[in-house]
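In each ligand, atom 1 is the first atom listed, and ligand 1 is the first ligand listed.
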Amino acid sequence: MIPARARRVRGLPATMRGRLIAGLLVLLACACAAVGVASVLALGRSLHAGIDRQLAQAGGRFAASLEHSAAQPGKDRYAAGGDTRAQAAGTFGARVLNGTVTHAGVVSPRRDMDDVSAAGAVPTLSAEDRAKLAGLPADGRGRSVKLSWLGDYRLMAVPGADGDTLVTGLPLVEAEGIVHRLQAVEGVVFAVALVVTGVAGALWVGAALRPLRRVAATARDVTGLPLADGEVALPDGVSYTDPRTEVGQVGAAFNRMLEHVGDALARRHAVEQRLRTFAADAGHELRTPLAAIRGHAELARRHPGPVSPEVGRALDRIQAESVRMGRLVEDLLLLARLDAGRPLLRDEVDLTRLVLDATGDARVAGPDHRWRLDLPEEPVMVRGDADRLHQVLANLLDNARRHTPAGTTVLITVLVRAAAAADGTRVELSVTDDGPGFPEELAGEIFERFVRADQGRSRASGGTGLGLAIVRAVVAAHGGSAEAESRPGRTVFRILLPAPGPAPHP
Ligand SMILES: Nc1ncnc2c1ncn2[C@@H]1O[C@H](COP(=O)(O)OP(=O)(O)O)[C@@H](O)[C@H]1O
Ligand SMILES: [Mg+2]
């Protein structure tokens with residue numbers, strides 16, 4: 001089994017479709033962000049350049065005119081000041097001498113359109129504003145400055161005629177409005193692009209991956225099939241096998257693999273079939289000579305007249321071993337038949353009756369053991385083959401007698417278990433003994449053929465090593481299951497059979 005190593009990045013979708021879409025959206029969002037930042041920066045820069053050109057054209061004229069007016073900071077804000085002719089509304093001017101702002105004015109934005117000589121106003125400047133104005137280098141370059149009363153301004157300082165510095169400014173509010181509008185438009189466009197890409201991408205990727213999903217579904221169907229044995233009809237391959245696409249290559253490879261697996265399974269089935277036929281034929285062929293050996297040994301043993309003790313012992317051994325071999329051959333034959341899936345009888349069988357009979361036989365065969373029964377009041381019926389089920393019981397009781405010392409108590413219980421709905425009602429038959437049991441590590445394989453806890457003793461006791469294998473095969477053919485657990489002092493063999501319901505399933 002290949003370990004499923006799912007390397008899962010936390011927060012990332014598990015499906016390929018989800019991952020592709022997530023990757024696409026992240027990339028698109030990055031691209032949008034880059035475009036947005038670049039366009040906003042470029043637009044802002046070009047707008048500033050335009051204002052700077054205007055400022056350069058205006059020169060220090062407005063600021064210089066302030067010197068000859070009453071527009072001194074600190075005085076009445078609305079006092080007329082400066083030469084406001086041909087100045088744009090909001091134009092700001094200031095004169096700085098020796099690091100102090102001596103004059104400041106702003107062209108009133110409330111100026112009427114037709115009043116050419118509109119009044120200038122004196123802005124209120126905070127100490128911070130004054131420091132900013134005084135600190136402007138007189139190099140004729142535009143700079144963005146925030147003034148407390150007027151807001152964001154683009155200011156440019158040039159040297160005046162008498163050692164002073166003349167500062168001219170234009171409001172940035174319009175430029176900022178344009179930039180904000182661009183940002184808003186871009187935000188909406190990018191959001192729509194992301195949503196559309198997400199939806200369309202999900203559909204597109206989903207369509208592209210559909211053949212892959214079909215491959216997965218077919219593979220799932222195959223894993224659901226019982227491939228371990230018997231004849232297997234694999235599903236048809238997938239239809240999408242275009243070698244030009246990755247998914248098509250997967251589909252084609254999958255179909256090829258399915259073909260190979262189908263071939264291998266068919267070949268295995270044929271080999272199994274041959275082996276089964278061989279085992280059945282061999283068993284069948286061995287029956288006759290074995291019966292002949294047994295018969296002749298018996299005949300020789302009954303021969304009147306003196307027979308030396310060695311010959312007598314040899315004849316006894318031949319007889320005992322041929323009996324054992326006969327049992328072995330019968331068991332092998334039965335297993336071969338069960339393996340071949342020969343249909344069993346499906347009669348109503350009284351399990352209680354079977355248990356009583358088998359226990360009666362066991363009492364006779366093992367008088368030194370204590371045989372206990374725990375049966376329900378009502379007879380318990382199962383559907384199946386009475387002879388085979390009798391053999392199951394006989395094998396289990398035989399084991400409880402052969403593999404435990406004299407004086408062991410063996411308890412046989414039958415109970416009807418109304419299990420979970422999916423399971424249906426089940427009949428449970430268990431054989432429990434308080435003997436030494438078998439090693440725990442054998443619990444998983446005790447039902448395998450020729451698995452014995454103590455090879456030597458078991459063989460000497462006349463066992464074939466196939467008793468439990470037959471138990472499991474018969475029970476499985478009845479649609480039931482067998483399990484065993486053992487520790488010293490308590491060994492349990494438990495058989496579960498479906499209760500006779502509407503549809504017993506082999
Ligand atoms: N009741 C039991 N107590 C202890 N060991 C058991 C018992 N039943 C079965 N076993 C072990 O399981 C092995 C397999 O049993 P089985 O298939 O019937 O073969 P066999 O009885 O011919 O040896 C036995 O050899 C024995 O070691
Ligand atoms: Mg046995």
| Should T464 be counted as touching ligand 1, given the test is an N or O pair under 3.5 Å? | yes

| said: Run the salt bridge (charged side-chain N to carboxylate O under 4.0 Å, His left out) test on E330 and R327 for me, step by step, so that the C-alpha distance in whole Å, both residues' side-chain angles and the decisive distance to 0.1 Å come before the verdict. | reply: CA-CA 5 Å; E330 289 303 324; R327 258 206 314 272; over 6 Å; no

| I446 N/O under 3.5 Å from ligand 1 N/O | no

| task | Give the numbers and elements of all ligand 1 atoms closer than 4.0 Å to a heavy atom of V451. | result | 13 (C), 14 (C)

| Neighbour count above 12 (heavy atom, 6.0 Å) for H269 NE2 | yes

| request: Check whether any N or O atom of R452, backbone or side chain, sits under 3.5 Å from an N or O atom of ligand 1, and answer yes or no. | output: no

| message | Under the criterion side chain to side chain contact (heavy atoms under 4.5 Å, CB included), I'd like the reasoning laid out for F493 against T491: C-alpha separation, chi angles, the key distance, then a yes or no. | response | CA-CA 7 Å; F493 287 89; T491 302; 3.6 Å; yes

| message | Closer than 4.0 angstrom, basic N to acidic O: yes or no for R449 and D339? | response | yes

| request: Supply the atom-to-atom distance W204 CH2 to L24 CG, rounded to the nearest 0.5 angstrom. | output: 12.0 Å

| Are any of the side-chain nitrogens in R383 or D347 under 4.0 Å away from the carboxylate oxygens of its partner? | no

| message | For ligand 1 and L468, I'd like to know whether there is a polar contact (N/O to N/O, distance under 3.5 Å). | response | yes

| message | Test your reading of the structure: does G465 have an N or O sitting under 3.5 Å from an N or O of ligand 1? | response | yes

| task | Just go through H403, R402, R472 and tell me whose heavy atom is the nearest to atom 21 (O) of ligand 1. | result | H403

| request: For the pair E298 and R301, find out whether any cationic side-chain nitrogen is under 4.0 Å from an anionic carboxylate oxygen. | output: no

| message | I need the atoms of ligand 1 closer than 4.0 Å to a non-hydrogen atom of G467, numbered in the order shown. | response | 16 (P), 17 (O), 18 (O)

| note | For G437, the atoms of ligand 1 under 4.0 Å from one of its heavy atoms are 4 (C)

| task | Indicate yes or no: does E440 engage R487 in a salt bridge with an N to O separation below 4.0 Å. | result | no

| task | Check the surroundings of atom CD in E448: do more than 12 heavy atoms from other residues, nucleotides or ligands lie under 6.0 Å from it? | result | yes

| Quick one: does F493 get a heavy atom under 4.0 Å from ligand 1? | yes

| query | Would you say N399 has an N, O or S atom lying under 2.8 Å from the Mg ion (ligand 2)? | reply | yes

| field | Sub-4.0 Å atoms of ligand 1 with respect to non-hydrogen atoms of A453 | value | 25 (O), 27 (O)

| query | Backbone or side chain, does any N or O of T491 fall under 3.5 Å from an N or O of ligand 1? | reply | no

